[in-house]
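Here is the structure we will look at, set down as structure tokens.
Labels below follow one simple rule: chain letters A, B, ... track the order of the sequence lines, proteins then strands, and each chain is numbered from 1.
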Protein chains: 2
Amino acid sequence: MLSNIIFYSLDRAIRSYRRMAQANIDRAGVNITIDQWLVLRVLLEHDDLTQNEIAESVFKDQASVARILALLTQRGLLSAVPLPHDGRRTQLRVTEEGHRILDAVQPIVNDNRKTALAGISEDELAQLRGLLERITQNCHSPV
Amino acid sequence: MLSNIIFYSLDRAIRSYRRMAQANIDRAGVNITIDQWLVLRVLLEHDDLTQNEIAESVFKDQASVARILALLTQRGLLSAVPLPHDGRRTQLRVTEEGHRILDAVQPIVNDNRKTALAGISEDELAQLRGLLERITQNCHSPV
DNA sequence: AGAAAGACTATGATATGTCATTGAAGTTGC
DNA sequence: GCAACTTCAATGACATATCATAGTCTTTCT
């Protein structure tokens, strides 16, 4: 049975969460994806990261980040100001509209987390986190 | 910090695993994706499922399954024989080549699992599974 | 300075995820 | 036996994941 396979359970958990999270954002009438939200949120605190740094911090590919940034900019949630000291890069600033969306989404995200983790204690959460970290570590070690 | 967010840890764990798993399959010279492998494996045991049934069993969308089936058929790993009693459907049989690939991939998948779960006890695994199931359940309940 | 090496962004190609819809085929109710 | 409903597969549209590479800009080395 697939349900015995831990990675199937993992996949199911994260996908269930993503579906619920996105559905709740959509229902609130906010037009953003959770991945875009995640990137935008990182940029709120660090506006001078390279795409690779952003990618590392949200555990995505540089190519994915590039496309997400393009969409965020195109939708006016982000502004890209050329950096004087490096012609390849830009400073990525969250716009007014971007702030509005971040503000609108934050409570939804909090609710989502509460819903998803209902009935799970702090101890269990810590254990879960620890196990996930170990799996991540194991998968990174070069064979 | 993002590392405090459980869903970020979840996402990271599953993506790390997927990257490692796919890299190991590629390194072995087998030309298949893990998602295609998963679907093919299900069809090995049940060749008369509808796309929706397959989708449910591998926790994917019907649209995703349709495309994966098209690719598997196109690559000759799967044959689609029309079902006499229902003109909309076909019987999906794993071909010789499909069997060869399944046989080649199985030991790699076993190794991957072993690598990913190194140092994690049966008890911990059971707990992990339980927590993931609870999260999945929580996310499914209608708000 | 000039060349080689490295960093950075953008983009092509392919696969998948998700929602929505279409069109075909089966089922039910009358 | 026909109309309404349901099931099923295919596909369009868009977003993301991944790998690879191109093109630009910077740094380093000599």
Side-chain angles (χ1 to χ4, degrees), chain A residues 11-27 31-40 48-56 58-75 77-78 80-92 139, chain B residues 11-12 14-27 31-40 43 48-56 58-75 77-78 80-92 139:
Chain A
D11 210 45
R12 230 155 58 110
I14 191 66
R15 282 223 288 266
S16 298
Y17 175 71
R18 289 176 77 94
R19 283 180 195 172
M20 177 197 69
Q22 190 65 61
N24 286 340
I25 290 173
D26 294 348
R27 187 175 323 147
N31 183 25
I32 196 172
T33 68
I34 44 181
D35 294 299
Q36 290 167 11
W37 172 81
L38 187 60
V39 170
L40 193 59
D48 58 347
L49 300 177
T50 67
Q51 290 188 0
N52 271 308
E53 288 166 337
I54 298 171
E56 194 182 354
V58 298
F59 205 71
K60 290 181 184 302
D61 197 79
Q62 176 262 327
S64 301
V65 170
R67 277 152 186 150
I68 289 175
L69 291 178
L71 281 174
L72 286 172
T73 304
Q74 181 184 315
R75 290 185 183 177
L77 310 189
L78 207 57
V81 184
L83 278 173
H85 61 81
D86 191 333
R88 297 166 298 184
R89 304 179 40 199
T90 57
Q91 186 177 31
L92 298 165
C139 292
Chain B
D11 210 45
R12 233 156 56 111
I14 191 66
R15 282 224 287 267
S16 298
Y17 175 71
R18 290 176 77 94
R19 283 179 196 174
M20 178 196 69
Q22 190 65 59
N24 286 340
I25 290 174
D26 293 348
R27 188 175 320 147
N31 183 26
I32 195 172
T33 68
I34 43 181
D35 293 300
Q36 289 167 12
W37 172 80
L38 187 61
V39 170
L40 194 57
L43 292 173
D48 58 346
L49 300 177
T50 67
Q51 290 187 0
N52 270 310
E53 288 167 338
I54 297 171
E56 194 182 352
V58 298
F59 205 71
K60 290 181 184 300
D61 196 81
Q62 177 261 328
S64 302
V65 170
R67 275 148 187 154
I68 289 175
L69 291 178
L71 282 174
L72 286 172
T73 305
Q74 180 183 315
R75 290 183 184 178
L77 310 188
L78 207 58
V81 184
L83 278 173
H85 62 80
D86 191 333
R88 297 165 299 183
R89 303 179 42 199
T90 57
Q91 186 177 32
L92 298 165
C139 291

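- The shortest distance between the side-chain N/O atoms of A:Arg88 and the OP1/OP2 oxygens of D:dT26 is not below 4.0 Å.
- A:Thr33 comes within 4.0 angstrom of the backbone, heavy atoms only, and of no base.
- One distance of note links CG of B:Asp26 with OG1 of B:Thr33; it measures 9.5 Å at 0.5 Å rounding.
- Remark: side-chain polar atoms of A:Arg89 are not paired, donor with acceptor, to backbone N or O of A:Gln51 under 3.5 angstrom.
- Counting distance only, with no hydrogens placed and no angle test, the side-chain atoms of B:Gln62 and the base atoms of D:dA10 include a donor-acceptor pair under 3.5 Å.
- Residue contacts for A:Asp61: at a heavy-atom cut-off of 4.0 Å it reaches a base atom on one of the strands shown.
- Geometric assessment of B:Arg19 against the ring of A:Phe59 yields a positive cation-pi assignment under the 6.0 Å and 45° thresholds.
- Between the CD1 atom of A:Ile54 and the P atom of D:dT16 there is a distance of 14 Å, rounded to whole Å.
- When only modelled atom types and interatomic distance are considered, A:Asn52 and A:Glu56 share no side-chain donor-acceptor pair under 3.5 Å.
- A:Arg67 contributes a side-chain N or O that forms a donor-acceptor pair with the base of D:dT18 under 3.5 Å.
- Ionic pairing of B:Arg67 and B:Asp61 is not present here: no N-O contact between side-chain nitrogen and carboxylate oxygen is shorter than 4.0 angstrom.
- Heavy atoms of A:Leu69 sit nowhere under 4.0 angstrom from any nucleic acid atom.
- Think of the region where chain B sits on DNA chain C: with heavy atoms and a 4.0 Å cut, that region ends 5' and 3' at C:dA15 to C:dG26.
- Dashed line: the shortest gap from a side-chain N or O of A:Gln22 to OP1 or OP2 of D:dA15 is not under 4.0 Å.
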